[in-house]
Amino acid sequence: MSKSKKRSWAEPYKIKMVEPVRITQPEERERALKEAGYNTFLLRSDDVYIDLLTDSGTSAMSDRQWAGLMMGDESYAGSSNFYHLEDAIRKYYGYKHIVPTHQGRAAEHIISQILINEGDYVPGNMYFTTTRLHQELAGGTFVDVIIDEAHDPENEHPFKADIDLNKLEDLIKDKGADRIPYVCVATTVNMAGGQPISMKNLKEVRALTQKYGIPIIHDMTRVAENAFFIKDREDGYSHLSIAEIVKEICSLTDGATMSAKKDALVNIGGFLAVNDEELFDKARNMVVVYEGLHTYGGMAGRDMEALAIGIKESVEYDHIRARVGQVQYLGDKLIDMGVPVVRPIGSHGVFLDAKKILPHLTQDQLPAQSLAAAIYLDSGVRAMERGIVSSGRNRVTGEHNYPNLEMVRLTVPRRVYTQAHMDVVAESVEAVFHEADKISGLRFVYEPEYLRFFQSRFEII
Ligand code: PLI
(Lines give C-alpha, C1' and ligand atoms only; values in the text may rest on other atoms or scores of the structure.)
Protein backbone atom coordinates (compact mmCIF):
# COMPACT_ATOMS: atom_id res chain seq x y z
CA MET A 1 0.00 0.00 0.00
CA SER A 2 1.41 3.38 -1.00
CA LYS A 3 2.22 5.67 1.91
CA SER A 4 0.32 8.58 0.37
CA LYS A 5 -2.99 6.69 0.03
CA LYS A 6 -5.82 8.91 1.28
CA ARG A 7 -7.46 7.52 4.42
CA SER A 8 -11.16 7.85 5.20
CA TRP A 9 -12.47 9.60 8.26
CA ALA A 10 -15.65 8.68 10.14
CA GLU A 11 -18.07 10.39 12.48
CA PRO A 12 -16.53 10.69 15.98
CA TYR A 13 -19.52 9.01 17.68
CA LYS A 14 -21.62 5.88 17.57
CA ILE A 15 -25.40 5.75 17.57
CA LYS A 16 -27.14 4.92 20.86
CA MET A 17 -30.79 5.62 20.08
CA VAL A 18 -32.67 5.82 16.78
CA GLU A 19 -35.75 7.72 15.64
CA PRO A 20 -37.56 5.85 12.84
CA VAL A 21 -38.37 7.83 9.71
CA ARG A 22 -41.14 7.00 7.26
CA ILE A 23 -40.74 6.66 3.52
CA THR A 24 -43.86 8.15 1.96
CA GLN A 25 -45.61 7.27 -1.31
CA PRO A 26 -45.80 9.70 -4.29
CA GLU A 27 -49.60 10.17 -3.95
CA GLU A 28 -49.22 11.06 -0.26
CA ARG A 29 -46.54 13.61 -1.07
CA GLU A 30 -48.63 15.18 -3.81
CA ARG A 31 -51.53 15.65 -1.40
CA ALA A 32 -49.29 16.92 1.40
CA LEU A 33 -47.53 19.44 -0.84
CA LYS A 34 -50.84 20.81 -2.16
CA GLU A 35 -52.16 21.15 1.38
CA ALA A 36 -48.95 22.98 2.31
CA GLY A 37 -49.45 25.52 -0.49
CA TYR A 38 -46.19 24.35 -2.14
CA ASN A 39 -44.24 25.77 0.80
CA THR A 40 -41.96 23.18 2.45
CA PHE A 41 -42.22 25.12 5.74
CA LEU A 42 -45.92 24.23 5.87
CA LEU A 43 -45.44 20.45 5.51
CA ARG A 44 -45.98 18.23 8.53
CA SER A 45 -42.77 16.46 9.51
CA ASP A 46 -44.66 13.13 9.44
CA ASP A 47 -44.88 13.57 5.68
CA VAL A 48 -41.11 14.11 5.32
CA TYR A 49 -38.55 11.36 4.77
CA ILE A 50 -35.16 13.13 5.04
CA ASP A 51 -35.49 16.58 6.55
CA LEU A 52 -32.96 19.08 5.19
CA LEU A 53 -35.17 22.13 5.78
CA THR A 54 -32.74 23.66 8.26
CA ASP A 55 -29.83 22.93 10.58
CA SER A 56 -31.52 25.11 13.22
CA GLY A 57 -32.51 23.24 16.37
CA THR A 58 -32.50 19.97 14.44
CA SER A 59 -29.13 18.58 15.54
CA ALA A 60 -28.69 15.54 17.80
CA MET A 61 -27.50 16.18 21.34
CA SER A 62 -24.80 13.99 22.88
CA ASP A 63 -25.34 11.69 25.85
CA ARG A 64 -23.45 14.29 27.91
CA GLN A 65 -25.94 16.97 26.90
CA TRP A 66 -28.89 14.71 27.72
CA ALA A 67 -27.31 14.04 31.11
CA GLY A 68 -26.97 17.82 31.47
CA LEU A 69 -30.75 18.16 30.99
CA MET A 70 -31.24 16.09 34.13
CA MET A 71 -29.11 18.61 36.04
CA GLY A 72 -31.56 21.42 35.27
CA ASP A 73 -31.91 23.90 38.11
CA GLU A 74 -35.26 25.49 37.38
CA SER A 75 -34.96 28.25 39.96
CA TYR A 76 -36.55 31.46 38.75
CA ALA A 77 -33.47 33.47 39.70
CA GLY A 78 -29.78 32.63 39.84
CA SER A 79 -29.99 29.10 38.39
CA SER A 80 -26.65 27.29 38.62
CA ASN A 81 -27.02 26.40 34.94
CA PHE A 82 -26.88 30.11 34.04
CA TYR A 83 -23.47 30.36 35.70
CA HIS A 84 -22.25 27.25 33.87
CA LEU A 85 -23.37 28.87 30.62
CA GLU A 86 -21.74 32.16 31.51
CA ASP A 87 -18.48 30.31 32.29
CA ALA A 88 -18.60 28.41 28.97
CA ILE A 89 -19.21 31.60 26.96
CA ARG A 90 -16.37 33.42 28.75
CA LYS A 91 -14.03 30.45 28.33
CA TYR A 92 -14.71 29.56 24.69
CA TYR A 93 -15.81 32.88 23.19
CA GLY A 94 -14.23 35.40 25.55
CA TYR A 95 -17.17 37.81 25.81
CA LYS A 96 -17.61 39.35 29.26
CA HIS A 97 -21.35 39.59 29.77
CA ILE A 98 -24.23 37.45 28.54
CA VAL A 99 -27.98 37.74 28.32
CA PRO A 100 -29.69 34.41 27.53
CA THR A 101 -32.55 34.51 25.00
CA HIS A 102 -34.92 31.89 23.66
CA GLN A 103 -33.17 31.97 20.27
CA GLY A 104 -31.06 34.16 17.99
CA ARG A 105 -33.69 36.59 16.74
CA ALA A 106 -34.54 37.64 20.30
CA ALA A 107 -30.91 38.70 20.78
CA GLU A 108 -31.12 40.55 17.45
CA HIS A 109 -34.26 42.31 18.64
CA ILE A 110 -32.60 43.51 21.84
CA ILE A 111 -29.34 44.74 20.29
CA SER A 112 -31.17 46.43 17.38
CA GLN A 113 -33.57 48.26 19.70
CA ILE A 114 -30.73 49.46 21.92
CA LEU A 115 -28.20 50.54 19.32
CA ILE A 116 -30.12 51.57 16.18
CA ASN A 117 -31.83 54.95 15.82
CA GLU A 118 -34.29 55.98 13.11
CA GLY A 119 -32.36 56.80 9.93
CA ASP A 120 -29.23 54.79 10.82
CA TYR A 121 -27.42 52.45 8.41
CA VAL A 122 -26.23 48.99 9.39
CA PRO A 123 -23.58 47.50 7.09
CA GLY A 124 -23.21 43.73 7.03
CA ASN A 125 -21.64 40.89 5.06
CA MET A 126 -24.88 40.05 3.25
CA TYR A 127 -28.25 40.09 4.96
CA PHE A 128 -29.85 37.42 7.08
CA THR A 129 -33.65 37.45 7.10
CA THR A 130 -34.35 37.92 10.82
CA THR A 131 -31.27 40.10 11.42
CA ARG A 132 -32.22 42.58 8.68
CA LEU A 133 -35.86 42.66 9.76
CA HIS A 134 -34.92 43.59 13.35
CA GLN A 135 -32.58 46.29 12.04
CA GLU A 136 -35.43 47.67 9.91
CA LEU A 137 -37.99 47.48 12.71
CA ALA A 138 -35.60 49.56 14.83
CA GLY A 139 -35.53 52.24 12.10
CA GLY A 140 -32.29 51.23 10.39
CA THR A 141 -31.41 50.42 6.79
CA PHE A 142 -29.29 47.38 6.08
CA VAL A 143 -26.43 47.91 3.60
CA ASP A 144 -24.69 44.95 1.99
CA VAL A 145 -20.89 45.41 2.04
CA ILE A 146 -19.85 41.84 1.24
CA ILE A 147 -17.35 41.29 -1.61
CA ASP A 148 -18.94 40.97 -5.08
CA GLU A 149 -17.69 37.39 -5.41
CA ALA A 150 -20.26 36.32 -2.80
CA HIS A 151 -23.10 37.07 -5.21
CA ASP A 152 -21.63 34.84 -7.91
CA PRO A 153 -22.50 31.16 -7.33
CA GLU A 154 -19.63 29.90 -9.49
CA ASN A 155 -16.86 32.03 -8.02
CA GLU A 156 -14.46 29.78 -6.05
CA HIS A 157 -13.17 32.52 -3.68
CA PRO A 158 -12.18 30.68 -0.45
CA PHE A 159 -13.56 33.45 1.81
CA LYS A 160 -16.72 34.68 0.14
CA ALA A 161 -17.97 36.25 3.39
CA ASP A 162 -15.14 38.81 3.36
CA ILE A 163 -16.17 42.45 3.57
CA ASP A 164 -15.27 44.86 0.76
CA LEU A 165 -13.34 47.52 2.69
CA ASN A 166 -13.94 50.13 -0.01
CA LYS A 167 -17.70 49.60 0.11
CA LEU A 168 -17.59 49.91 3.89
CA GLU A 169 -15.42 53.00 3.99
CA ASP A 170 -17.44 54.68 1.21
CA LEU A 171 -20.60 54.14 3.25
CA ILE A 172 -18.99 55.55 6.41
CA LYS A 173 -17.78 58.64 4.50
CA ASP A 174 -21.10 59.08 2.73
CA LYS A 175 -23.42 58.71 5.73
CA GLY A 176 -21.06 59.72 8.55
CA ALA A 177 -19.75 57.44 11.31
CA ASP A 178 -22.41 58.74 13.72
CA ARG A 179 -25.15 57.25 11.50
CA ILE A 180 -23.60 53.78 11.68
CA PRO A 181 -24.25 52.25 15.11
CA TYR A 182 -22.28 49.08 14.33
CA VAL A 183 -21.10 46.78 11.58
CA CYS A 184 -22.71 43.35 11.62
CA VAL A 185 -20.19 40.62 10.79
CA ALA A 186 -21.51 37.09 10.34
CA THR A 187 -19.41 33.94 10.62
CA THR A 188 -20.27 32.05 8.25
CA VAL A 189 -22.67 33.80 5.85
CA ASN A 190 -25.83 31.75 5.53
CA MET A 191 -27.38 33.48 2.48
CA ALA A 192 -24.12 33.31 0.51
CA GLY A 193 -24.15 29.53 0.84
CA GLY A 194 -22.51 29.01 4.23
CA GLN A 195 -19.32 30.83 3.22
CA PRO A 196 -16.58 31.91 5.68
CA ILE A 197 -14.85 35.21 6.40
CA SER A 198 -11.03 35.18 6.67
CA MET A 199 -9.20 36.29 9.80
CA LYS A 200 -7.16 38.65 7.65
CA ASN A 201 -10.28 40.43 6.44
CA LEU A 202 -11.82 40.53 9.90
CA LYS A 203 -8.64 42.17 11.22
CA GLU A 204 -8.79 44.74 8.42
CA VAL A 205 -12.45 45.45 9.17
CA ARG A 206 -11.51 45.84 12.84
CA ALA A 207 -8.76 48.34 12.02
CA LEU A 208 -11.03 50.35 9.71
CA THR A 209 -13.98 50.50 12.09
CA GLN A 210 -11.74 51.38 15.05
CA LYS A 211 -10.46 54.35 13.04
CA TYR A 212 -14.04 55.65 12.95
CA GLY A 213 -15.05 54.48 16.43
CA ILE A 214 -17.67 52.02 15.11
CA PRO A 215 -18.20 48.74 17.04
CA ILE A 216 -18.57 45.29 15.48
CA ILE A 217 -21.47 43.06 16.44
CA HIS A 218 -20.77 39.46 15.52
CA ASP A 219 -23.49 37.09 14.29
CA MET A 220 -21.69 34.05 15.70
CA THR A 221 -24.36 31.50 14.83
CA ARG A 222 -21.90 29.26 12.92
CA VAL A 223 -18.54 30.53 14.25
CA ALA A 224 -16.95 27.10 14.76
CA GLU A 225 -17.74 26.17 11.15
CA ASN A 226 -16.08 29.42 10.04
CA ALA A 227 -13.05 28.59 12.23
CA PHE A 228 -12.74 25.20 10.52
CA PHE A 229 -12.39 26.90 7.12
CA ILE A 230 -9.80 29.34 8.52
CA LYS A 231 -7.75 26.43 9.88
CA ASP A 232 -8.10 24.57 6.58
CA ARG A 233 -7.57 27.42 4.11
CA GLU A 234 -5.86 30.44 5.64
CA ASP A 235 -2.09 30.83 5.89
CA GLY A 236 -0.78 30.77 9.46
CA TYR A 237 -3.76 29.02 11.07
CA SER A 238 -3.31 25.28 10.41
CA HIS A 239 -1.44 24.75 13.69
CA LEU A 240 -4.10 26.43 15.85
CA SER A 241 -7.03 24.57 17.40
CA ILE A 242 -10.63 25.36 16.43
CA ALA A 243 -11.12 26.69 19.98
CA GLU A 244 -8.18 29.09 19.61
CA ILE A 245 -9.43 30.36 16.24
CA VAL A 246 -12.98 30.83 17.55
CA LYS A 247 -11.66 32.86 20.47
CA GLU A 248 -9.50 34.99 18.20
CA ILE A 249 -12.50 35.77 15.96
CA CYS A 250 -14.58 36.82 18.96
CA SER A 251 -11.73 38.96 20.31
CA LEU A 252 -11.93 41.13 17.18
CA THR A 253 -15.55 42.05 17.88
CA ASP A 254 -17.41 43.96 20.61
CA GLY A 255 -20.42 41.77 21.11
CA ALA A 256 -22.40 38.95 19.54
CA THR A 257 -25.82 37.58 18.80
CA MET A 258 -26.04 33.80 18.89
CA SER A 259 -28.60 31.32 17.69
CA ALA A 260 -27.34 28.40 19.75
CA LYS A 261 -29.60 26.11 17.71
CA LYS A 262 -26.88 25.72 15.09
CA ASP A 263 -23.16 25.48 15.99
CA ALA A 264 -23.80 24.99 19.69
CA LEU A 265 -25.78 21.77 19.24
CA VAL A 266 -28.98 22.48 21.15
CA ASN A 267 -32.60 22.32 20.07
CA ILE A 268 -33.50 25.72 21.50
CA GLY A 269 -31.62 28.71 22.89
CA GLY A 270 -29.49 31.72 22.14
CA PHE A 271 -27.85 34.70 23.76
CA LEU A 272 -26.60 38.22 23.41
CA ALA A 273 -23.00 38.72 24.55
CA VAL A 274 -21.33 42.11 25.03
CA ASN A 275 -18.16 43.51 26.57
CA ASP A 276 -19.37 47.05 27.28
CA GLU A 277 -20.82 47.53 30.80
CA GLU A 278 -23.35 50.20 29.86
CA LEU A 279 -24.65 48.18 26.91
CA PHE A 280 -24.91 45.12 29.14
CA ASP A 281 -26.89 47.09 31.67
CA LYS A 282 -29.42 48.14 29.01
CA ALA A 283 -29.66 44.64 27.51
CA ARG A 284 -30.11 43.03 30.93
CA ASN A 285 -32.93 45.42 31.63
CA MET A 286 -34.60 44.90 28.28
CA VAL A 287 -34.52 41.10 28.41
CA VAL A 288 -36.87 41.12 31.40
CA VAL A 289 -39.48 42.89 29.27
CA TYR A 290 -39.41 40.55 26.29
CA GLU A 291 -37.87 37.24 27.39
CA GLY A 292 -37.52 36.61 31.13
CA LEU A 293 -35.27 37.36 34.09
CA HIS A 294 -31.64 38.00 33.08
CA THR A 295 -30.41 34.70 34.55
CA TYR A 296 -32.61 32.62 32.23
CA GLY A 297 -33.83 34.97 29.49
CA GLY A 298 -35.93 32.69 27.32
CA MET A 299 -34.42 29.40 28.43
CA ALA A 300 -35.13 26.64 30.93
CA GLY A 301 -32.27 25.84 33.32
CA ARG A 302 -31.83 22.41 31.71
CA ASP A 303 -31.49 23.97 28.27
CA MET A 304 -28.77 26.34 29.52
CA GLU A 305 -26.87 23.31 30.86
CA ALA A 306 -27.15 21.46 27.53
CA LEU A 307 -25.93 24.61 25.79
CA ALA A 308 -22.92 25.00 28.07
CA ILE A 309 -21.90 21.43 27.17
CA GLY A 310 -22.76 21.92 23.47
CA ILE A 311 -20.46 24.95 23.21
CA LYS A 312 -17.52 22.81 24.38
CA GLU A 313 -18.38 19.99 21.96
CA SER A 314 -18.81 22.41 19.04
CA VAL A 315 -15.15 23.44 19.03
CA GLU A 316 -13.72 19.91 19.08
CA TYR A 317 -11.80 19.28 15.89
CA ASP A 318 -13.08 15.77 15.16
CA HIS A 319 -16.65 16.96 15.51
CA ILE A 320 -16.34 19.94 13.21
CA ARG A 321 -14.33 18.07 10.60
CA ALA A 322 -17.01 15.38 10.38
CA ARG A 323 -19.79 18.00 10.34
CA VAL A 324 -18.34 20.06 7.52
CA GLY A 325 -17.05 16.85 5.89
CA GLN A 326 -20.54 15.43 5.57
CA VAL A 327 -21.80 18.57 3.85
CA GLN A 328 -18.77 18.44 1.57
CA TYR A 329 -19.53 14.78 0.77
CA LEU A 330 -23.04 15.68 -0.41
CA GLY A 331 -21.75 18.69 -2.35
CA ASP A 332 -18.99 16.74 -4.10
CA LYS A 333 -21.47 14.06 -5.09
CA LEU A 334 -23.80 16.62 -6.66
CA ILE A 335 -20.89 18.29 -8.46
CA ASP A 336 -19.86 14.88 -9.89
CA MET A 337 -23.45 14.43 -11.08
CA GLY A 338 -23.22 17.74 -12.94
CA VAL A 339 -25.82 19.52 -10.79
CA PRO A 340 -25.16 23.31 -10.58
CA VAL A 341 -24.42 24.24 -6.96
CA VAL A 342 -22.93 27.25 -5.18
CA ARG A 343 -19.12 26.90 -5.03
CA PRO A 344 -17.15 26.33 -2.91
CA ILE A 345 -19.42 24.03 -0.88
CA GLY A 346 -20.30 25.80 2.39
CA SER A 347 -20.40 24.51 5.94
CA HIS A 348 -24.04 23.92 6.79
CA GLY A 349 -25.64 22.89 3.54
CA VAL A 350 -25.40 22.51 -0.19
CA PHE A 351 -27.06 25.30 -2.16
CA LEU A 352 -28.52 24.36 -5.56
CA ASP A 353 -28.41 27.03 -8.25
CA ALA A 354 -32.08 27.17 -9.24
CA LYS A 355 -31.58 29.77 -11.99
CA LYS A 356 -29.27 27.35 -13.80
CA ILE A 357 -31.36 24.26 -13.11
CA LEU A 358 -34.62 25.92 -14.26
CA PRO A 359 -33.51 28.35 -16.99
CA HIS A 360 -37.03 28.32 -18.46
CA LEU A 361 -38.45 30.15 -15.40
CA THR A 362 -38.09 33.88 -14.72
CA GLN A 363 -37.23 34.87 -11.16
CA ASP A 364 -40.84 36.07 -10.71
CA GLN A 365 -41.92 32.48 -11.34
CA LEU A 366 -40.02 31.50 -8.17
CA PRO A 367 -37.55 28.92 -9.49
CA ALA A 368 -36.06 27.95 -6.11
CA GLN A 369 -39.47 27.57 -4.45
CA SER A 370 -40.57 25.41 -7.42
CA LEU A 371 -37.40 23.29 -7.29
CA ALA A 372 -37.73 22.64 -3.54
CA ALA A 373 -41.33 21.49 -4.17
CA ALA A 374 -40.19 19.18 -7.00
CA ILE A 375 -37.50 17.54 -4.86
CA TYR A 376 -40.03 16.89 -2.10
CA LEU A 377 -42.41 15.33 -4.63
CA ASP A 378 -39.66 13.08 -5.98
CA SER A 379 -38.43 11.58 -2.73
CA GLY A 380 -39.86 13.20 0.40
CA VAL A 381 -36.59 15.09 0.94
CA ARG A 382 -37.44 18.48 2.41
CA ALA A 383 -35.25 21.43 1.38
CA MET A 384 -35.93 25.15 1.51
CA GLU A 385 -35.97 28.20 -0.74
CA ARG A 386 -33.22 30.84 -0.38
CA GLY A 387 -33.97 33.22 -3.23
CA ILE A 388 -36.56 35.83 -4.17
CA VAL A 389 -39.16 34.58 -1.67
CA SER A 390 -36.70 34.70 1.27
CA SER A 391 -35.41 38.07 0.11
CA GLY A 392 -38.80 39.73 0.64
CA ARG A 393 -39.85 43.18 -0.51
CA ASN A 394 -38.13 46.54 -0.45
CA ARG A 395 -39.60 48.29 2.57
CA VAL A 396 -39.82 51.63 0.76
CA THR A 397 -41.03 50.70 -2.75
CA GLY A 398 -42.87 47.49 -1.86
CA GLU A 399 -41.32 45.74 -4.89
CA HIS A 400 -39.78 42.27 -4.64
CA ASN A 401 -36.04 42.27 -3.93
CA TYR A 402 -34.29 40.34 -6.72
CA PRO A 403 -31.21 38.61 -5.24
CA ASN A 404 -28.63 37.33 -7.67
CA LEU A 405 -28.52 34.05 -5.75
CA GLU A 406 -31.69 32.02 -6.34
CA MET A 407 -31.06 28.84 -4.41
CA VAL A 408 -32.48 25.74 -2.84
CA ARG A 409 -30.72 24.92 0.42
CA LEU A 410 -30.16 21.27 1.36
CA THR A 411 -29.32 21.96 5.00
CA VAL A 412 -27.63 19.20 6.97
CA PRO A 413 -28.49 18.86 10.67
CA ARG A 414 -25.48 17.97 12.86
CA ARG A 415 -24.94 14.35 13.93
CA VAL A 416 -28.37 13.27 12.61
CA TYR A 417 -28.07 11.61 9.21
CA THR A 418 -25.62 9.08 7.74
CA GLN A 419 -23.81 9.24 4.43
CA ALA A 420 -26.35 6.74 3.07
CA HIS A 421 -28.98 9.44 3.62
CA MET A 422 -26.75 11.86 1.71
CA ASP A 423 -26.59 9.35 -1.18
CA VAL A 424 -30.39 9.14 -1.31
CA VAL A 425 -30.63 12.96 -1.31
CA ALA A 426 -28.07 13.31 -4.11
CA GLU A 427 -29.81 10.71 -6.25
CA SER A 428 -33.15 12.45 -5.82
CA VAL A 429 -31.70 15.83 -6.78
CA GLU A 430 -30.02 14.24 -9.80
CA ALA A 431 -33.32 12.69 -10.94
CA VAL A 432 -35.14 16.03 -10.58
CA PHE A 433 -32.30 17.84 -12.38
CA HIS A 434 -32.62 15.56 -15.41
CA GLU A 435 -36.37 16.23 -15.67
CA ALA A 436 -36.12 19.90 -14.69
CA ASP A 437 -37.63 21.21 -17.93
CA LYS A 438 -40.98 19.71 -16.82
CA ILE A 439 -41.10 21.78 -13.60
CA SER A 440 -43.65 24.62 -13.65
CA GLY A 441 -43.25 27.90 -11.83
CA LEU A 442 -45.29 29.04 -8.83
CA ARG A 443 -47.11 32.23 -7.87
CA PHE A 444 -48.10 33.66 -4.51
CA VAL A 445 -51.67 33.16 -3.33
CA TYR A 446 -50.96 34.35 0.24
CA GLU A 447 -48.12 36.52 1.48
CA PRO A 448 -47.70 37.64 5.10
CA GLU A 449 -46.04 40.95 5.96
CA TYR A 450 -42.92 39.70 7.73
CA LEU A 451 -40.45 36.94 6.81
CA ARG A 452 -42.79 35.77 4.08
CA PHE A 453 -40.87 32.58 3.22
CA PHE A 454 -42.08 30.92 6.42
CA GLN A 455 -45.82 31.20 5.83
CA SER A 456 -46.57 32.14 2.20
CA ARG A 457 -48.75 29.88 0.10
CA PHE A 458 -48.38 29.29 -3.62
CA GLU A 459 -50.10 27.71 -6.60
CA ILE A 460 -48.76 26.26 -9.83
CA ILE A 461 -48.77 28.74 -12.73
O1 PLI B 1 -33.56 31.10 14.25
P2 PLI B 1 -32.98 31.96 15.35
O3 PLI B 1 -33.90 33.00 15.80
O4 PLI B 1 -32.44 31.15 16.48
O5 PLI B 1 -31.68 32.66 14.74
C6 PLI B 1 -31.73 33.57 13.70
C7 PLI B 1 -30.51 33.48 12.85
C8 PLI B 1 -29.57 34.46 12.94
N9 PLI B 1 -28.45 34.44 12.16
C10 PLI B 1 -28.22 33.44 11.28
C11 PLI B 1 -26.99 33.48 10.46
C12 PLI B 1 -29.12 32.41 11.14
O13 PLI B 1 -28.86 31.44 10.30
C14 PLI B 1 -30.33 32.41 11.93
C15 PLI B 1 -31.33 31.44 11.77
N16 PLI B 1 -31.31 30.58 10.77
C17 PLI B 1 -32.20 29.68 10.41
C18 PLI B 1 -33.48 29.48 11.12
C19 PLI B 1 -31.92 28.88 9.24
O20 PLI B 1 -32.72 27.99 8.88
O21 PLI B 1 -30.88 29.11 8.64
Side-chain angles (χ1 to χ4, degrees), residues 7-24 44-74 80-81 84-85 87-88 91-92 103 221-225 227-228 241-243 246 258-270 299-330 333 347-350 379-382 410-426:
R7 304 290 292 256
S8 297
W9 53 268
E11 292 80 0
Y13 52 83
K14 54 187 180 174
I15 296 166
K16 188 174 325 211
M17 188 188 282
V18 296
E19 176 183 338
V21 290
R22 192 171 70 91
I23 302 175
T24 53
R44 289 171 183 239
S45 65
D46 280 350
D47 294 323
V48 173
Y49 172 31
I50 299 173
D51 203 347
L52 305 189
L53 183 73
T54 175
D55 63 329
S56 181
T58 52
S59 296
M61 292 205 294
S62 66
D63 52 0
R64 275 84 175 155
Q65 288 178 288
W66 279 100
L69 289 188
M70 295 307 295
M71 302 303 285
D73 165 9
E74 306 308 337
S80 57
N81 309 122
H84 297 165
L85 177 59
D87 286 347
K91 177 170 176 193
Y92 291 101
Q103 56 184 77
T221 296
R222 296 181 182 85
V223 67
E225 292 176 8
F228 176 80
S241 68
I242 298 296
V246 164
M258 175 61 146
S259 169
K261 301 170 71 176
K262 283 83 164 174
D263 238 20
L265 297 162
V266 288
N267 303 121
I268 193 73
M299 298 176 76
R302 55 179 170 268
D303 291 324
M304 291 191 283
E305 192 65 28
L307 173 52
I309 299 166
I311 288 172
K312 176 174 175 291
E313 292 180 1
S314 77
V315 298
E316 284 166 7
Y317 179 74
D318 288 346
H319 157 71
I320 203 75
R321 180 179 62 165
R323 189 283 182 279
V324 179
Q326 190 179 44
V327 175
Q328 197 78 47
Y329 174 85
L330 174 61
K333 236 183 143 91
S347 66
H348 68 302
V350 178
S379 58
V381 169
R382 169 155 70 170
L410 300 163
T411 341
V412 183
R414 296 161 191 81
R415 309 191 292 204
V416 170
Y417 292 114
T418 65
Q419 289 191 186
H421 288 109
M422 297 300 113
D423 293 341
V424 169
V425 171

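For the numbers below, each heavy atom of this structure counts, side chains included, while hydrogens, waters and symmetry mates do not. By convention here, the first residue in the shown sequence is residue 1.
- When each of Lys261, Arg414, Lys262 is checked for a side chain to side chain donor-acceptor pair (under 3.5 Å) with Asp55, only Arg414 meets the rule.
- Between Ile268 atom CD1 and Ser56 atom OG the span is 8.0 Å, to the nearest 0.5 Å.
- Looking at Asp46 and Arg22, no side-chain N of the basic residue comes within less than 4.0 Å of a carboxylate O on the acidic one, giving no salt bridge.
- Under the salt bridge (Lys or Arg N to Asp or Glu O under 4.0 Å) rule, Arg323 has a single partner from Glu11, Glu313, Glu225, which is Glu225.
- Listed for the Thr411 side chain is a donor-acceptor partner under 3.5 Å among the backbone atoms of Leu52.
- Using a 4.5 Å heavy-atom threshold, the side chains of Ile242 and Tyr92 count as separate.
- Contact detail for Val381 and Val425: the closest heavy-atom pair is CG2-CG2, 4.0 Å.
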Kindly indicate, with the supporting measurements, whether the criterion side chain to side chain contact (heavy atoms under 4.5 Å, CB included) is fulfilled by Leu265 and Arg415.
CA-CA 9 Å; Leu265 297 162; Arg415 309 191 292 204; 3.8 Å; yes
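- In this structure the side chain of Glu305 never reaches within 4.5 angstrom of the side chain of Leu69, judged on heavy atoms.
- Side-chain atoms of Ser259 never come within 3.5 Å of backbone atoms of Gly270 as a donor-acceptor pair (strictly under, hydrogens ignored).
- Annotation: the span from Ser59 atom OG to Asp263 atom CG amounts to 9.0 Å, rounded to 0.5 Å.
- Inter-residue side-chain proximity for Lys91 and Ile311 is flagged as unmet; no heavy-atom pair is nearer than 4.5 Å.
- In this structure the side chain of Glu316 reaches within 4.5 angstrom of the side chain of Lys312, judged on heavy atoms.
- At distances below 3.5 Å, not a single donor-acceptor pair connects side-chain atoms of Asn81 with backbone N or O atoms of Asp303.
- No side-chain donor from either of Asp318 and Tyr13 sits under 3.5 Å from a side-chain acceptor of the other.
- We find the CG-OG1 distance between Leu53 and Thr58 to be 8.5 Å, quoted to the nearest 0.5 Å.
- Proximity of a side-chain donor or acceptor of Glu74 to a complementary backbone N or O of Gly301 within less than 3.5 Å is detected.
- Between Trp9 and Gln419, the shortest heavy-atom distance links the atoms CH2-OE1, 3.7 Å.
- Ion pairing between Arg382 and Asp51 holds under the 4.0 Å rule for side-chain N and carboxylate O.
- Contact of the Lys333 side chain with the Asp423 side chain is registered, since non-hydrogen atoms from C-beta on lie closer than 4.5 Å.
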Starting from the C-alpha separation in whole Å, work towards a yes-or-no answer on side chain to side chain contact (heavy atoms under 4.5 Å, CB included) for Met422 and Val412.
CA-CA 9 Å; Met422 297 300 113; Val412 183; 4.2 Å; yes
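- The local environment of CZ in Arg302 is sparse, with at most 12 non-hydrogen atoms from other residues, nucleotides or ligands closer than 6.0 Å.
- Minimum interatomic distance between Ala306 and Met61 (heavy atoms only, all atoms of both residues): CB-SD, 3.9 Å.
- Here the shortest heavy-atom pairing between Val246 and Ala224 reads CG2-CA, 3.9 Å.
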Side chain to side chain contact (heavy atoms under 4.5 Å, CB included), that's the test. Do Ile309 and Trp66 meet it? Break it down for me.
CA-CA 10 Å; Ile309 299 166; Trp66 279 100; over 6 Å; no
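- Taking CG from Leu307 and CG from Leu85, the interatomic distance works out to 5.0 Å, rounded to the nearest 0.5 Å.
- Minimum heavy-atom separation, Tyr417 to Tyr49: OH-O, 4.4 Å.
- When all heavy atoms of Gly269 and Met299 are compared, the pair lying nearest together is CA-CE, 3.6 Å.
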For His348 and Val327: C-alpha separation, side-chain torsions, deciding distance, then whether side chain to side chain contact (heavy atoms under 4.5 Å, CB included) applies.
CA-CA 6 Å; His348 68 302; Val327 175; 5.7 Å; no
